[in-house]
Structures are given as structure tokens and as C-alpha cells.
> 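Take this structure first; my questions come after.
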Amino acid sequence: MNKNEKFIITINRELGSGGRTVGRKLAEKLGVTFYDKWLINELKAKFNLTTEEVEEVKGSNNSWWRELLNAAVYMGHNMGEMGCVPHAPEEEYHIVTTNEMFTVETEIFNHLANESCIVAGRSGFYVFRNHPNHLSILIQASMPHRIERVMRKQNMTEEEARKTIEKVDKMRENYVNKYTGTSRYDTRNYDLVISADGKTEDEIVDLIMQYIG
């Protein structure tokens, strides 16, 4: 990946691995926008983007689309400052995935390709697989590491954390398998696979920066 040209970095991460924080910190270092699942859902829900409306957006001027994205990013930042941005499991298991949702999400991702950015999402690695300047990353962690983090971040018991992780893992894998025909755990889908065990988020960011060069 050439960071001096327009680029896309996609991050797929296991719940409790700290991947969302890594994505945000990496975006800050690179000076680009970080789009996580919450912001993508805000674009779909708050702005009521249906498949037909996204088609209209595709033919509209970029400034209109940029204003929409900026509004969502601004909203996300403000929610984060107020401590309202959801962490694990990031509301994902409350959402019924449909063919239309994947279509809309894909179209939104395609618009993000007009700028350099970092995208954290289940299908990002697949949508951007043919992008000429794309870096695909998977961040994993052992179950004890993930449970400890979810317990701490979400104030859950060990059993609650384990059940949440297992539920989200299954949901994400089913989603990816259904719409991409591959597994999110297939390392051939990624340029870089990192284990979060024994590393801070900042150390993982440094590893990625070293890889980018």
C-alpha cells in the first residue's frame, strides 16, 4: 500500500480484540477518517438510505455526499465524547441482515473509496478486494484476552462476556459467508493478520505503520 496515494485500509476484527480502537488511532496517525460499523449504520438509519436512494446518491455531486458523510462523522464524534458510542457488541446482533442491507452497505463502501480512509466492517475486505491501493487487516485475540476486555469495557460477568462473544462471532461469520462466499477467518483474505495478545492498541498501530512503511 502506498500511503502517498489515495488508499483504503479495511480492518476486520474479533470482538474484544481492540480492533475498533486500533482503527481509530491508526486513522489519527494517518490523518484520515475512520468509518466504523456505528457510523455506517448511522448513514443508513439516520439518513434513511434505501437501495434506490443510494442509486440517486451515486449520480449526485460529490459535495452533497461529502456533506452527508461529514454530518455522520461529526455526530459520531460527539456521541463518543458523551460516552454514548456503543462498544461491544456494537449493536450488530440487534440488526437483521438482509440482501438490501448488504447492497446498501456495499454502495456506501464504494463511495468511501473516493477518499483515503480506514473502514472497520465485516465485508470491507471483500468489497475493496480489487481496489488498487487497499490494505486488508485482521486483528484477532485469544478467548481469555477477548473475555477480559469485554468484561472490562461492558461491565459484564465472565459468562455474559463469553456468550456475547460467541453470539457476535457466529453472526459475523454467517453474514460474511452468506454475502461473500468466504470465511472471515480465512487468512488469505488479508494482507496482515495481527494477534492482540500481549500488545497494547498503540503497539498494534505501530506494527501497522511499520508494515506500511
Side-chain angles (χ1 to χ4, degrees), residues 1 8-30 34-41 80 83 85-95 97 105 117-129 134-213:
M1 189 199 87
I8 296 286
I9 297 176
T10 55
I11 297 179
N12 210 329
R13 78 278 190 204
E14 291 185 312
L15 178 62
S17 67
R20 180 179 180 276
T21 302
V22 169
R24 175 177 56 79
K25 291 189 173 189
L26 181 62
E28 290 172 357
K29 278 215 170 187
L30 291 171
F34 173 55
Y35 295 99
D36 64 4
K37 189 63 181 178
W38 186 83
L39 281 177
I40 297 299
N41 283 335
V85 176
H87 295 285
E90 298 174 347
E91 91 281 329
E92 290 183 343
Y93 62 87
H94 297 297
I95 298 173
T97 59
E105 184 173 85
C117 62
I118 297 175
V119 179
R122 295 162 294 184
S123 59
F125 74 91
Y126 179 81
V127 174
F128 294 112
R129 66 193 183 283
H134 168 219
L135 175 64
S136 181
I137 301 172
L138 173 65
I139 299 178
Q140 298 179 306
S142 65
M143 186 59 77
H145 177 103
R146 300 170 69 193
I147 289 174
E148 188 280 328
R149 182 180 174 85
V150 172
M151 288 174 61
R152 174 164 45 86
K153 291 286 186 178
Q154 298 300 310
N155 193 29
M156 291 182 175
T157 66
E158 181 176 349
E159 183 62 20
E160 288 172 337
R162 182 182 295 276
K163 286 183 178 179
T164 297
I165 289 170
E166 291 174 349
K167 187 170 187 176
V168 172
D169 278 354
K170 182 177 180 180
M171 191 253 352
R172 289 179 176 174
E173 175 64 6
N174 288 344
Y175 182 92
V176 169
N177 183 262
K178 177 178 180 180
Y179 293 108
T180 72
T182 187
S183 169
R184 63 193 295 261
Y185 300 108
D186 188 340
T187 56
R188 291 172 296 183
N189 291 317
Y190 308 98
D191 301 298
L192 186 61
V193 179
I194 299 175
S195 170
D197 287 61
K199 304 178 187 68
T200 66
E201 288 90 350
D202 289 326
E203 288 172 339
I204 296 175
V205 169
D206 288 341
L207 284 174
I208 297 172
M209 291 297 293
Q210 290 173 23
Y211 181 87
I212 294 173

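Position 1 is the first residue of the sequence, and the numbers go up from there. Predicted model only: the values in this text are computed from it and were never measured. These numbers come from the heavy atoms of this one structure, side chains and all, not from hydrogens, waters or symmetry mates.
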> Got Thr182 and Arg188 here, is their nearest side-chain heavy-atom distance under 4.5 Å?
no
> Without hydrogens or angle criteria, can the side chains of Ser183 and Asn177 be said to hold a donor-acceptor pair below 3.5 Å?
no
> For the side chain of Thr10 and the backbone of His134, is there at least one donor-acceptor N/O pair under 3.5 Å apart?
no
> With a 4.5 Å cut-off on side-chain heavy atoms, are Leu15 and Arg172 touching?
yes
> Could you pull out all residues at least two apart from Arg184 that satisfy side chain to side chain donor-acceptor pair (under 3.5 Å)?
Asn12
> Do Tyr35 and Cys117 have side chains that approach each other closer than 4.5 Å (heavy atoms only, starting at C-beta)?
yes
> May I ask you to decide whether Asp206 forms a salt bridge with Lys199, counting only side-chain N to carboxylate O separations under 4.0 Å?
no
> Can you name the residues that form a side chain to side chain donor-acceptor pair (under 3.5 Å) with His145, not counting sequence neighbours?
none
> With rounding to the nearest 0.5 angstrom, report the CZ to CD1 distance, Phe125 to Ile8.
15.5 Å
> Can you give me the closest heavy-atom contact between Met151 and Glu158, atom names plus distance?
SD-CA, 3.5 Å
> Apply side chain to side chain contact (heavy atoms under 4.5 Å, CB included) to the pair Leu26 and Met209, showing each step before the final yes or no.
CA-CA 8 Å; Leu26 181 62; Met209 291 297 293; 3.7 Å; yes
> What's the shortest heavy-atom distance between Val119 and Phe128, and which atoms?
CG2-CE1, 4.4 Å
> I'd like to check Leu30 versus Ile9 (side-chain heavy atoms, cut-off strictly below 4.5 Å). Are they in contact?
yes
> State the CD1-OG1 distance between Ile204 and Thr21, to the nearest 0.5 angstrom.
9.5 Å
> Might you point out which heavy atoms bring Gly23 and Ile11 nearest each other, and give the distance in Å?
CA-CD1, 3.6 Å
> Under the side-chain contact (heavy atoms from CB on, under 4.5 Å) rule, collect the residues that match up with Glu160, sequence neighbours excluded.
Met156, Thr157
> Only counting residues at least two apart or in another chain, list the ones meeting side chain to side chain donor-acceptor pair (under 3.5 Å) with Glu166.
none
> Rounded to the nearest 0.5 Å, how far apart are CZ of Arg20 and CZ of Arg24?
7.0 Å
> Between Glu201 and Arg149, does any NZ, NE, NH1 or NH2 come within less than 4.0 Å of an OD or OE carboxylate oxygen?
yes
> Checking Gln140 now: which residues fulfil side chain to side chain donor-acceptor pair (under 3.5 Å) with it, not counting sequence neighbours?
none
> Is a donor on one side and an acceptor on the other found under 3.5 Å between the side chain of Ser17 and the backbone of Arg13?
no
> Just so I know, are the side chains of Ile137 and Asp191 near enough to count as touching, which here means a heavy-atom distance under 4.5 Å?
no
> If you round to the nearest 0.5 Å, how far is CD1 of Ile208 from CE of Met1?
10.0 Å
> Give a yes or no on whether the backbone of Tyr126 and the side-chain of Ser123 come within a donor-acceptor separation of less than 3.5 Å.
no
> What I'd like to find out is whether the side chain of Arg162 reaches to under 4.5 Å of the side chain of Met143, using heavy atoms alone.
yes
> Apply the test side-chain hydrogen bond (donor to acceptor under 3.5 Å, both in side chains) to residues Asn189 and Ser136: give CA-CA distance (whole Å), side-chain angles for both, the deciding distance (0.1 Å), then the verdict.
CA-CA 7 Å; Asn189 291 317; Ser136 181; over 6 Å; no
> So which pairs with a foot in residues 191-213 pass ring pair (Phe, Tyr, Trp, His ring centres under 6.0 Å), sequence neighbours left out?
none
> Do Ser142 and Asp197 get their side chains close enough for a donor-acceptor pair, meaning under 3.5 Å?
yes
> Quick one: pull up NZ in Lys25 and CD1 in Ile118 and give me the separation to the nearest 0.5 Å.
13.5 Å
> OG1/Thr187 to CG/Leu138 distance, rounded to the nearest 0.5 angstrom?
8.5 Å
> Please report the C-alpha distance between Ile165 and Ile147 in whole Å, then the side-chain angles of each, then the deciding distance to 0.1 Å, and finally whether the side chain to side chain contact (heavy atoms under 4.5 Å, CB included) criterion is met.
CA-CA 8 Å; Ile165 289 170; Ile147 289 174; 3.9 Å; yes
> Does any N or O in the side chain of Glu203 come within less than 3.5 Å of the main-chain N or O of Thr200, such that one atom is a donor and the other an acceptor?
yes
